[in-house]
Amino acid sequence: MLDSKLIKSNPELVAEKLKQRGLSTAFDEFLNMDTVRRRLLVEVEERKSFRNRTSQEIGKMKKAGQEPIELMTKVKEVGHEIKEMDEQLISLEQKMGDMLLTLPNLPHDSVPVGESEADNVEMRRWGTIPEFNFEPLPHWDIGTGLDILDFDRAAKLSGARFTVYKGAGARLERALVNFMLDLHVDKHGYQEIFPPFMVNSECMLGTGQLPKFGGDMFKIEGRDMYMVPTAEVPLTNLFREEILSAANLPFYFTAYTACFRAEAGSHGRDTRGIIRQHQFNKVEMVKITCQEESLNELEKLTNDAEEVLQLLGLPYRVVSLCTGDLGFSAAKTYDLEVWLPFFSEYREISSCSNCSDFQARRANIRYRPENQGKLQYCHTLNGSGVAIGRTVAAILENYQQADGSVLIPSVLVPYMGGMTQIEK
RNA sequence: GGAGAGAUGGCUGAGUGGUCGAAGGCGCUCGACUGGAAAUCGAGUAGGCGGGUAGCCCCUGUCUCGAGGGUUCAAAUCCCUCUCUCUCCGCCA
């Protein structure tokens, strides 16, 4: 959520920043509502002040044995006025609040200005793109050939965009989860969390999925519950409605969860394979920081995600998303894109974002600064560390052999029970 | 699912109609004491939204005691609904 005071004091700046995201917003209506709201607030507070003072007088008079009927009637009348005005105020504030909740975060000044994916800026590349002396297969053909991925039976169980992992495939999925968690916990200093996979709508509002993107999620029928679309939601909401001590910042959390996305496939992209699924696994990293540190922390978080790919020997590049391609809650985002030989292109495997105070404001996560000053909103960051399914796809395609087998990256061998190669 | 108890400030915990944004304690901040520290003593210490103002330096109004409604001149306190927590019973991986 944007700071309404910033909108009031500098609507042009906010509109300009939103325009960079491709959003034309006029704040005239908002500012008008606020003017009306403030006028109404002053009037109703005058009446409340009168009611408070007079009620106390009535109390004293009653104790003195009097029965001030006229005063009581007067206060009662004012009470009715207050109620009417309060209702108007609430409806105004509701409208203003609804508008604020639908506005995305402002891009940070360091974010490249652009309209679409095409304007994203490549920051760096890592690794050597593998060369094959045969025609590389797509991961779905490799997976079905090795009988470690079963799309047909998954369709029987659940429908399109689900996958059954079998044998070494299932093991590989589990190995990756453990490898990534161990790396982030043991080397990068994150605390491991195992959160619920279902959360309430307050959480979804806090991280920005609601109110705009409810259709992207699986909702539990008849309950105020959603399947988590990413562990970012439960992790970031851990401290919702809390006041943290600056001395305890920053918090580093990492968690494995399954992720559930209803929107996957709605645009007909990636209809084959395991790139875009209704359910996939992910290890996520979340940081809660003070305001001054979030930019640095984003660089470190991105490096932590990169190290996963480096250790797995998967070529990738880092892209700074341009203003037009930023997600709803993000002020700045680096995407990690892994090389997929069959596609012959880099595809997103991690997205690392600094959400500045945007989510903290929605979720009311604050901290008291060291100098005991005024409470501040925390900054929240999140990044995939990394998406498991896409990592499996990348391993299958990058490590495929001419005979249809797939080599296991050495760092995963212990997690695979010593297996070095997946063969038919 | 059935029965009961509860939800108050950063934490703990009093408060059953007005003098309560709220005792006491802990924690924290500042000061005294000390060579320094501990202990002790003293003072301060919620947040939101407005108004005054150049200004969150101050002054001031209002709201907030799980959430929402109601009763009343007046609600943390009484009534209703909901949410959550705990205990017992049932069921269960």
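Letters A, B, ... mirror the listed sequences (proteins, then strands); counts begin at 1.
- Taking atom C1' in both B/G9 and B/G13, the straight-line distance is 11 Å, to the nearest Å.
- For the pair A/E43 CD and B/G51 P, the computed distance is 13 Å after rounding to whole Å.
- Comparing A/K63 and A/G79, the nucleotide of RNA chain B nearest to each residue sits closer to the 5' end for A/K63.
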For residues 406-424 of chain A, run the donor-acceptor check on the side chains, cut-off 3.5 Å, and write out each pair with its distance to 0.1 Å, sequence neighbours left out.
from   : atom 1 : to     : atom 2 : distance (Å)
A/Y415 : OH     : A/D182 : OD2    : 2.6
A/Q421 : NE2    : A/S405 : OG     : 2.7
A/K424 : NZ     : A/G145 : O      : 3.2

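- B/C84 sits 46 Å from B/A37 when the C1' atoms are compared, rounded to a whole Å.
- Residues that satisfy the salt bridge (charged side-chain N to carboxylate O under 4.0 Å, His left out) test with A/D119, not counting sequence neighbours, are absent from this structure.
- Here the side chains of A/N32 and A/V36 are not in contact, with every heavy-atom distance at 4.5 Å or above.
- Which of B/G51, B/C49, B/C73 sits closest to the side chain of A/R37 comes down to B/C49.
- Nucleic acid contact class of A/K60 (heavy atoms, under 4.0 Å, all strands): none.
- Between A/H80 atom NE2 and B/U71 atom C1' the separation is 12 Å, expressed in whole Å.
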Summary of protein contacts for nucleotides 54-69 of chain B, nucleotide by nucleotide, where a base hit scores B, a sugar-phosphate-only hit scores S (4.0 Å, heavy atoms): --B----BSS------

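- Rounded to the nearest Å, the gap between the C1' atom of B/C86 and that of B/U29 is 36 Å.
- Distance from the side chain of A/R366 is smallest for B/G48 among the nucleotides B/G48, B/U19, B/G51.
- Between the CG atom of A/N248 and the P atom of B/C11 there is a distance of 14 Å, rounded to whole Å.
- Nucleotides B/G50 and B/G44 have their C1' atoms positioned 26 Å apart, rounded to a whole Å.
- To the nearest whole angstrom, the two P atoms, one in B/U77 and one in B/G17, are 11 Å apart.
- B/G61 and B/A22 have their P atoms separated by 13 Å, with the value rounded to a whole Å.
- For RNA chain B, the residues of residues 67-78 of chain A within the heavy-atom distance limit of 4.0 Å (strictly under) are A/M72, A/V75, A/K76, sorted by number.
- Residue A/L375 is classed as a sugar-phosphate contact, given heavy-atom separations below 4.0 Å to backbone atoms only.
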Which nucleotides of RNA chain B pair, in dot-bracket form (Watson-Crick or G-U under 3.5 Å, | meaning another strand): ((((((((.[[[..)..(.....]]]((((((.......))))))(((((((.....))))))).[[[[[..)....]]]]])))))))....

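- For the 3.5 Å distance criterion, the side chains of A/S329 and A/N105 fail to qualify, holding no donor opposite an acceptor.
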With a 3.5 Å cut-off and sequence neighbours excluded, list the donor-acceptor pairs that the side chains of residues 201-213 of chain A form with protein atoms.
from   : atom 1 : to     : atom 2 : distance (Å)
A/S201 : OG     : A/D224 : OD1    : 2.7
A/S201 : OG     : A/D224 : OD2    : 3.0
A/T207 : OG1    : A/C203 : O      : 3.0
A/T207 : OG1    : A/Q209 : OE1    : 2.7

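- Side-chain nitrogen and oxygen atoms of A/R38 include none within less than 4.0 Å of the OP1 or OP2 phosphate oxygen of B/C49.
- Side chains of A/E297 and A/Y252: a donor on one and an acceptor on the other come within 3.5 Å.
- Look at A/D34 and A/R38 and you find a salt bridge, because one of the NZ, NE, NH1 or NH2 atoms lies within 4.0 Å of a carboxylate O, short of that distance.
- For residues 22-43 of chain A, no pair satisfies ring pair (Phe, Tyr, Trp, His ring centres under 6.0 Å), with sequence neighbours left out.
- Applying the side chain to side chain donor-acceptor pair (under 3.5 Å) rule to A/D335 yields the partners A/S351; only residues at least two apart in sequence or on another chain are considered.
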Pull out every protein N or O sitting under 3.5 Å from an N or O of nucleotides 80-84 of chain B, one pair per line with the distance.
none

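- Evaluation of the salt bridge (Lys or Arg N to Asp or Glu O under 4.0 Å) test over residues 277-286 of chain A, restricted to residues two or more places apart or in two chains, returns A/K282-A/E284.
- Taking the six-membered ring for Trp and thresholds of 30 and 60 degrees, A/F194 and A/F197 have nearly parallel ring planes, at less than 30 degrees apart.
- Between the side chains of A/E173 and A/N281, at least one donor N or O sits under 3.5 Å from an acceptor N or O.
- Checked by atom type, the side-chain pair A/K332/A/S110 shows a donor-acceptor distance below 3.5 Å.
- Here A/R39 does not reach the OP1 or OP2 of B/G51: none of its side-chain N or O atoms lies under 4.0 Å away.
- To the nearest angstrom, P of B/G48 lies 17 Å from CE of A/M96.
- For the C1' atoms, the distance from B/A5 to B/G68 is 22 Å, rounded to whole Å.
- Evaluation of the ring pair (Phe, Tyr, Trp, His ring centres under 6.0 Å) test over residues 143-172 of chain A, restricted to residues two or more places apart or in two chains, returns A/F162-A/H278.
- The side-chain contact (heavy atoms from CB on, under 4.5 Å) search around A/S24 returns none, not counting sequence neighbours.
- Across B/G35 and B/G47, the matching P atoms stand 38 Å from one another, rounded to whole Å.
- Atom pair A/I365:CD1 and B/G48:P shows a separation of 16 Å (rounding to whole Å applied).
- In the model, A/T254 has no side-chain atom that pairs as donor or acceptor with a side-chain atom of A/E192 under 3.5 Å.
- Between the CG atom of A/L92 and the C1' atom of B/G50 there is a distance of 14 Å, rounded to whole Å.
- Computed from coordinates, the A/E241 CD to B/G47 C1' distance equals 12 Å when rounded to whole Å.
- In this structure, A/R368 places its CZ atom 14 Å from P of B/G9, rounding to the nearest Å.
- Remark on RNA chain B: of its neighbouring residues A/T54 and A/V42, the 5'-side contact belongs to A/V42, judged by nearest-heavy-atom nucleotide.
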